[in-house]
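Remarks on the structure that follows.
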There are 4 protein chains.
Amino acid sequence: MTTAPTAKRRTDPERAQNRRNQVLEAAAVCFARSGFHGASMSEISKQAGMSAGHIYNYFDSKDAIILAFVDREAEYVSGLLRDLATREDPLEAILDDAHIHIDESLDPQPWTVPLEMFAEASRNPVIAAKLRENEEVSRAQLRALVKSGRESRQLPVDDVLLDGRLDTMISYFQGLSIRALYRPNMNRASLVEAFRVAMRALLMT
Amino acid sequence: MTTAPTAKRRTDPERAQNRRNQVLEAAAVCFARSGFHGASMSEISKQAGMSAGHIYNYFDSKDAIILAFVDREAEYVSGLLRDLATREDPLEAILDDAHIHIDESLDPQPWTVPLEMFAEASRNPVIAAKLRENEEVSRAQLRALVKSGRESRQLPVDDVLLDGRLDTMISYFQGLSIRALYRPNMNRASLVEAFRVAMRALLMT
Amino acid sequence: MTTAPTAKRRTDPERAQNRRNQVLEAAAVCFARSGFHGASMSEISKQAGMSAGHIYNYFDSKDAIILAFVDREAEYVSGLLRDLATREDPLEAILDDAHIHIDESLDPQPWTVPLEMFAEASRNPVIAAKLRENEEVSRAQLRALVKSGRESRQLPVDDVLLDGRLDTMISYFQGLSIRALYRPNMNRASLVEAFRVAMRALLMT
Amino acid sequence: MTTAPTAKRRTDPERAQNRRNQVLEAAAVCFARSGFHGASMSEISKQAGMSAGHIYNYFDSKDAIILAFVDREAEYVSGLLRDLATREDPLEAILDDAHIHIDESLDPQPWTVPLEMFAEASRNPVIAAKLRENEEVSRAQLRALVKSGRESRQLPVDDVLLDGRLDTMISYFQGLSIRALYRPNMNRASLVEAFRVAMRALLMT
DNA sequence: AATGAATGAGTCTTCATTCAT
DNA sequence: TATGAATGAAGACTCATTCAT
C-alpha cells in the first residue's frame, strides 16, 4: 500500500499544495461572487474551510492570492487552445464549434472574474505583468494554429497581417464575455451566424 | 448703485454646475488611476481642489458620482455615433475611419474606466441598470445606421441577423479597449487591416 | 401712525428679537422631531426660513439655542402654576383638574423635549445649571400654593414634610410624561382616579 | 502532557461572553458619562480596554450595544421585583423598604442611562420596541404582586383600577430617577415619608 | 442683514494582517 | 499545523461653524 507515506504529517509538501489549491478554489468562488475588492479574506477563509490567519501560511498576502488565481485562469485558456490544436483542421474547427465558443462566452460565471483581472491590472502592475505574460503564451498558441491553417490553404501568413488578425479575434472574444454580463439574453443563433461571418473573414481570407 | 452688478450672485446655478463638473473631471482622473474602489473620496477631493465634505453638496454619495460619471461616458459614445450618422455613407465611413476608431480605442486614458464600469456593473445593480440603459441608446443609434446602410445596398436587414451583427461589432469594440490596456504596443496598421476585413464582412455581406 | 419707526431698519432691536423667536420656534419643532443631537443646524434653519449661517448672528452656537429653548419651556410651566394660584382653592383645583393634567401629560408632542432636556443635562453642565435654576422657581411657586392650601386646612406645613410632598408630586408629573411616550394608550379614566387618590393623600393629609 | 490542560481553549464561549460583558460595562460607564450619542465607539473601546474594531466581533453595531444595554437594565429591574415577590407580604414590604427604593432611585449612577433610553426611544423605533417589551414584563410582575396583596386584603382588584394604580406608581418611580439628576440633595427622610403616604393610598385603598 | 459655499474634525464601520496559543 | 482574537489604518459620510459676498 502506497498510502503509508501520508501517515507522516510533518511538513508534507503535497498536503501544502492541496491547501493552496483549496484556497484558490475558494477564492475563485468568492472573486466571481464579490470581485477582488469585494471578497474579504474572511469570506475566502470560510469558503475554504480554514481560518483566515492560516491562509497566510500559504500566501503572503491577498494580492498573492489574486496573482496565483490569475495564473490558474491562464492555464484554463491554454488548455482550450491545446485541445483545438489536436483537431484535424483547427480553422474549420473554430467555425464548426462557433456555438460552443458562444455558449461558453455567454455563460456569465467564469467570465466575471477575467473582467476583474483586467480592471485590477489597470492599477496593480504586478497583476498587469502576469497578465501580459500569460497572454503571450496563449497568443503564441493561437498564432501557431492559425498560421499552419492558413499555410495549408496557401493564404498569406506574414507576421504583421497575422498580428492584426489575432488581436482582432482575441478582442472579440474578450469583448463578448463583457457583453454577456449586462446583455445576458442575446440571441445565440444570430451571434453564431455573425461569429462565423467575422471569423471566416479573419481566418480564411 | 455700484454694487448692483455683483449683488445678484446668490445661488448661482451655473457655478454649481461648474463645481459638479469639476468633481466629475477629478473623478475621471482618479478612477482611471485607482479604479472605483481604489479611488477614495479624499483622493478625489484633493484632485478636485475642494474638501471631501463639500463634494457631498453636489453628490449624494460616492455611488452617485460613479453613476454620473457613467452617464458622461455614454454621452461621449453617443456623440460619436451621431457624428457618424451625418456622413454620406455611414457604412463606408466606418471602414474609411478605421484608423481613427482604432486610435481612439488604443488610447488608454479614457478607456481605462469603462473597464471599471463593467466590473462594477457585475455587482452593483444600479450601475448595471444605468449601463444597460445607455447601451440601449447607443445600440439603437448604431442599428438605425447599419440598417439604412444595408437597405440601400439591398442586403438583408431582418432583426435577428442585425442583432447578431451588432453585438459582434460592439463586442469587438469593447474588447479592443481591454486589449489596449495590457498590450499597448499593438501594430496599428495591421489592426486597421483586420478591422476592415471583419467589419466589411459583418456590415456588407 | 406709530409704524413709522419700523421704516428705519438699521439694527432694529425689535426685529432682532423677532428673529431670535423665529429660530427658537423652529428649534422647538425640530427638537421635538429629532432630539437635540438629531436636529441639525441645517434642519433648524430650513424650519426657521433663514440660512444656517445667519442664525449665528443671533446665537453663538447650537448649545446657546438649546439653552434659550430650555428657558422658554420653564416659562410655560411657570405660567401654568401662576394660573393655578389664581384659583379659589388651588388644592381642590388640582384634584378637580386631574383630567386636564393627565391629558396634557399624555399628549406626547410638547413633552418629548423635556425628556431631551433632562438627558442633555446629564452631560452638559450649563444646561443642568439652567434646568436647576428653572426648577427652583417652579418649585417655589408650587410650594407657596401648597403651603397656603394646607394652612387653611390646618394641616402641618413644616419645611421638611413639604419638601418630600413636593418632590414626590413633581416626580410623578415628570414620570408621567415619560410613560406617555412609550405607553401612549393608557386608560385615562383610571389614571385620573389614581392621580386623585395619590394627590389627595399627598396634599390633604 | 503539561500542555494538555490549556490545549483545549479553542473558541471559548465563556471568554466571548466575558468580552461582551466587558464591552457592556464600558458602555454603561460611557453612556452615563456622555449619553448614547455623545459616547463614541472610540471612547467605549478605550474604556473597555480593546480596540474599536474588535468590538464589532461581539456587536453588530453601536445600536446593538445600546439594545443589549437596555436589556441588561430590564433584567436588573426584573430581579428587584422577583425578590419582592418572595416576601411574606409584598405590599407591606414596599412600604417597609421605602428607604431602600428611595436610596436606589437617588443614586445617580445607574439611573442616568434609563433617561437616555427614554429619550432614544422617542426616535429609535427598535429601542422603543425593546423598551416596551421589557416594560410589559416588569409591569406584569408588579401587577401580580399588587393584585394578590389587594385580594388578601379584600380590596377591589378590577383590571381598570389596577391599571391606573400601576401606571401611577411606575410614573412616580421613573420620575424620581429624573429628579435625582438635577436635584441630587433632596431630603431623603421626607421623601420616604411622602413615598409611604402616596404608596399606601395607591396600594391599600 | 443675509446667504450658502466651504471647511475639517469627528463618526461609525470594515478588513487585511499579526500573534499568542 | 491551525485557530480566531486582536489590532489599526483606512474609508465614506455628517455637521457645526466660518466667511466672502
Side-chain angles (χ1 to χ4, degrees), chain A residues 9-12 15-16 19 37-45 49-65, chain B residues 3 6-12 15-16 19 37-45 49-65, chain C residues 9-12 15-16 19 37-45 49-65, chain D residues 3 6-12 15-16 19 37-45 49-65:
Chain A
R9 275 191 201 139
R10 288 276 173 79
T11 47
D12 181 341
R15 182 180 173 84
R19 285 307 226 173
H37 289 89
S40 68
M41 288 299 287
S42 161
E43 184 186 343
I44 295 172
S45 77
M50 150 184 353
S51 79
H54 194 36
I55 292 182
Y56 284 82
N57 289 327
Y58 303 108
F59 295 93
D60 284 346
S61 66
K62 193 181 169 184
D63 273 2
I65 299 178
Chain B
T3 56
T6 56
K8 275 293 164 199
R9 285 232 181 110
R10 294 276 165 73
T11 329
D12 187 341
R15 181 184 173 83
R19 285 308 228 173
H37 289 90
S40 69
M41 288 301 290
S42 161
E43 183 186 345
I44 295 173
S45 76
M50 89 183 63
S51 78
H54 193 37
I55 292 183
Y56 285 83
N57 287 331
Y58 303 106
F59 295 93
D60 282 346
S61 64
K62 192 180 169 185
D63 272 4
I65 299 179
Chain C
R9 274 190 201 142
R10 287 278 171 80
T11 45
D12 181 342
R15 181 181 172 83
R19 287 307 227 173
H37 289 88
S40 68
M41 288 300 288
S42 160
E43 184 186 343
I44 295 172
S45 77
M50 149 185 353
S51 79
H54 195 36
I55 292 183
Y56 284 82
N57 288 328
Y58 304 108
F59 294 93
D60 283 348
S61 66
K62 191 179 170 185
D63 273 3
I65 299 179
Chain D
T3 56
T6 56
K8 275 294 165 198
R9 282 226 185 114
R10 294 277 165 73
T11 331
D12 187 341
R15 179 184 175 83
R19 284 307 226 175
H37 290 90
S40 69
M41 288 300 290
S42 161
E43 183 186 344
I44 296 173
S45 76
M50 88 183 66
S51 77
H54 193 37
I55 292 183
Y56 285 83
N57 287 331
Y58 302 106
F59 295 94
D60 283 346
S61 65
K62 191 180 170 184
D63 272 4
I65 298 179

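Every heavy atom of this structure was used, including side-chain atoms; hydrogens, water molecules and symmetry mates were not. Since the model is a prediction, treat every value here as computed from it, not as a measurement. Sequence lines set the chain letters: A, B, ... in the order given, protein chains first and strands last, and positions in each chain run from 1.
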request  = Determine which bases of DNA chain E form Watson-Crick or G-U wobble pairs with both distances under 3.5 Å, and write the result as a 5' to 3' dot-bracket string with | for other-strand partners.
outcome  = .||||||||||||||||||||
request  = Can you see which heavy atom on D:Ser51 is nearest to which on D:Ser45, and at what distance?
outcome  =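 D:Ser51 and D:Ser45 have their closest heavy atoms at C-CB, 3.8 Å.
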inquiry  = For a quick test of reading the model, state the closest non-hydrogen atom pair linking B:Lys62 to B:Ala39 and the distance between them.
reply    = NZ-O, 2.8 Å
request  = Rounded off to whole Å, could you give me the CE-to-P distance for the B:Met50 and E:dT7 pair?
outcome  =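 To the nearest whole Å, that distance equals 8 Å.
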query = A:Asn57 has an atom CG; how far is it from atom P of E:dT17, in whole Å?
reply = 14 Å
ask   = Got A:Arg19 and A:Ile55 here, is their nearest side-chain heavy-atom distance under 4.5 Å?
value =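 Heavy-atom side-chain distance check fails, nothing below 4.5 Å.
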So, is [X] close to the [N] phosphate, meaning a side-chain N or O under 4.0 Å from OP1 or OP2?
| X | N | answer |
| --- | --- | --- |
| A:Arg15 | F:dA2 | yes |
| B:Tyr58 | E:dA5 | no |
| D:Arg19 | F:dA6 | yes |

Reported CD1-to-CE distance for the pair A:Ile44 and A:Met50, which is rounded to 0.5 angstrom = 11.0 Å
query = Listed by chain and number, what are the side chain to side chain contact (heavy atoms under 4.5 Å, CB included) partners of C:Ser40, not counting sequence neighbours?
reply =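 Expected list: C:Ser42, C:Glu43.
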Nucleotide-resolved protein contact map, nucleotides 10-16 of chain E, B/S/- at heavy-atom distance under 4.0 Å = -SSBB-S
message = Categorize B:Phe59 for me: base, sugar-phosphate, or nothing, with a 4.0 angstrom heavy-atom threshold over every strand shown.
response =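 It contacts nothing in the nucleic acid.
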